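A short worksheet on the structure shown next.
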Number of protein chains: 2
Amino acid sequence: MFQVRGLDSRQPVLNVLLWQRALEPERGKWSLPGGRLRDDEDLISSIRRQLAEKVDVQQLAHLEQLAVFSAPDRVPGPRTIASTFLGLVPSPATPELPPDTRWHPVNDLPPMAFDHAPMVEHARTRLVAKMSYTNIGFALAPTEFVLSSLRDVYSATLGYQVDTTNLQRVLERRNVITRTGTTARSGRSGGRPAALYRFTEARYRVTDEFAALRPPG
Amino acid sequence: MFQVRGLDSRQPVLNVLLWQRALEPERGKWSLPGGRLRDDEDLISSIRRQLAEKVDVQQLAHLEQLAVFSAPDRVPGPRTIASTFLGLVPSPATPELPPDTRWHPVNDLPPMAFDHAPMVEHARTRLVAKMSYTNIGFALAPTEFVLSSLRDVYSATLGYQVDTTNLQRVLERRNVITRTGTTARSGRSGGRPAALYRFTEARYRVTDEFAALRPPG
DNA sequence: CCAAAAGTGTTATCCTTACACCCATGA
DNA sequence: TCATGGGTGTAAGGATAACACTTTTGG
């Protein structure tokens, strides 16, 4: 589960939700949330159930299947196969967390249990790719937002500075974002009030199969 | 497993290898090759083992994980989860097939067992997407080839007519294909002899994250 | 010499980045 | 009226599709 955190600060950062193991093996290391699949549920239902134990699942705006990790010795004990998912939580949400659970910046991960570090890396790669040619940003941004906030969401996720002006035009041309018509109040230090936007659709969609958001330079 | 078949004919076509069920349930319908995972192997090893029973696995140039199908009732009997893979066989290869196994054009599938039809559709979508921004064509094309053959491979896979000239320049600029220096003999009806090419790398590689092969029009 | 197939040159178009400039607001 | 951020205009660059034109071969 990813979320862009610190949208009000100067440097918002993409975070991942981790859970610290209380027992051996790998005690003290951090894990992705998850658990066993029951016989009467499919993987998506299972993941939703697992996550419900950690957070308010209502806040999960997107959930998508990723790779399967199946090395026979990936965890000690009986053979276990991990099917990983990408979950996204919109930015202003602040889910209640159990005490053993914390958000961690993806660029500064703590010691990770088993093969969970490559899992996070893989998930981030998929997310970055999809920011280019889908409207997946809806699942990370607030329902209504100012362009500079959206730019922060994209910058934090992609890992490089995005130009607000061009982001606006690219997303407007693709009809990914829409003006609400209202404007936000200007900050305490003055400045022109910004127009409010929302995502045109609050459902995952491939907006332009061949589109690109290129890094600067 | 996909292969472009009929490269020498006027209209080469993308095919998928299917196997006809001899027993209930779904007797007579066609299945993707596969089988159960053993405790001491990971998914890739397992798939290679399963396929070895159908074809010469040496001819498998690319193998890649796709989606997991996990609906509890997707097959009758005990709960079974299917992890699907995309396998590619280069074009001139003609693997020996068991009698219950046949190549079928992906655009004209026979009655499919269980949820195997959407599996094929999903695999083809992934393949088409990857033709644009990776060198995955190496796994479908002959080791050495003439540009018009490569155009046929791309056309069959993508499902629309590709322009030879532009394909050449796109792939050369990305350094995906290389001239061998030799030329093929011209056909019986005359014509200038064509230069032979090969793929620069015989390993899967993302060549240009933001590249596109757009359909005509 | 002609048909056929391969290969090259050139243009038009589209998308995106970069950046200068204008606009609206609070103090 | 000035600083601050928001918004628009415009130009430049890069990649691709379209297509006319040239080259090389067999009959």
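Residue numbers begin at 1 in each chain, while the letters A, B, ... track the order of the sequences. Because the structure is predicted, anything quoted here is derived from the model rather than measured.
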Gap between atoms [atom1] and [atom2], on [X] and [N] respectively (whole Å):
X: Asp163(B); N: dA6(C); atom1: CG; atom2: C1'; value: 12 Å
X: Arg174(A); N: dC14(C); atom1: CZ; atom2: C1'; value: 13 Å
X: Phe210(A); N: dT16(D); atom1: CZ; atom2: P; value: 11 Å
X: Leu171(B); N: dA15(D); atom1: CG; atom2: P; value: 14 Å
X: Glu209(B); N: dT16(C); atom1: CD; atom2: C1'; value: 15 Å
X: Asn166(A); N: dA12(D); atom1: CG; atom2: P; value: 16 Å
X: Leu167(A); N: dC15(C); atom1: CG; atom2: C1'; value: 15 Å
X: Leu158(B); N: dT16(D); atom1: CG; atom2: P; value: 14 Å

For Glu201(B), check salt bridge (Lys or Arg N to Asp or Glu O under 4.0 Å) against everything at least two apart and list the hits.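 Partners of Glu201(B) by the salt bridge (Lys or Arg N to Asp or Glu O under 4.0 Å) criterion, ordered by chain and then number, come out as Arg205(B).
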
Where do Met131(B) and Leu213(B) come nearest, in terms of heavy atoms and distance? O-CD1, 3.5 Å

For DNA chain D, whose closest nucleotide is more 5', that of Pro193(B) or that of Ala212(B)?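 By nearest-heavy-atom nucleotide position, the 5'-most residue is Ala212(B).
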
Taking the nucleotide of DNA chain D with the nearest heavy atom to each, does Glu172(A) or Arg192(A) sit closer to the 5' end? Arg192(A)

Is any side-chain heavy atom of Trp30(B) closer than 4.5 Å to one of His104(B)? yes

Comparing Val146(B) and Asp208(A) on DNA chain C - which has the more 5′ nearest nucleotide: Val146(B)

Assign each of Thr183(B) and Leu213(A) the nucleotide of DNA chain C bearing its closest heavy atom; nearer the 5' end lies the nucleotide of Thr183(B)

Nearest listed nucleotide, side chain of [X], among [options]:
X: Arg169(B); options: dT8(D), dG9(C), dG7(C); value: dG9(C)
X: Ala194(A); options: dG7(D), dG7(C), dA17(D); value: dG7(D)
X: Val170(A); options: dT17(C), dG7(D), dC19(C); value: dT17(C)

Pick base, sugar-phosphate or nothing for [X], based on heavy-atom distances below 4.0 Å to the nucleic acid.
X: Arg185(B); value: nothing
X: Arg151(B); value: nothing
X: Ser148(A); value: sugar-phosphate

Angle class for the Phe69(B)/His122(B) ring planes (parallel below 30°, perpendicular above 60°, tilted otherwise)?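 The rings of Phe69(B) and His122(B) stand perpendicular, inter-plane angle above 60°.
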
How about Phe138(A) and Tyr204(A): are their ring centres within less than 6.0 Å of each other? no

Can you check whether any acceptor in the base of dG14(D) is under 3.5 Å from a donor in the side chain of Arg214(A), or vice versa? no

Residue-phosphate contact under 4.0 Å: Gln168(B) side-chain N/O, dA6(C) OP1/OP2: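 For dA6(C), OP1/OP2 do not have a side-chain N/O of Gln168(B) under 4.0 Å.
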
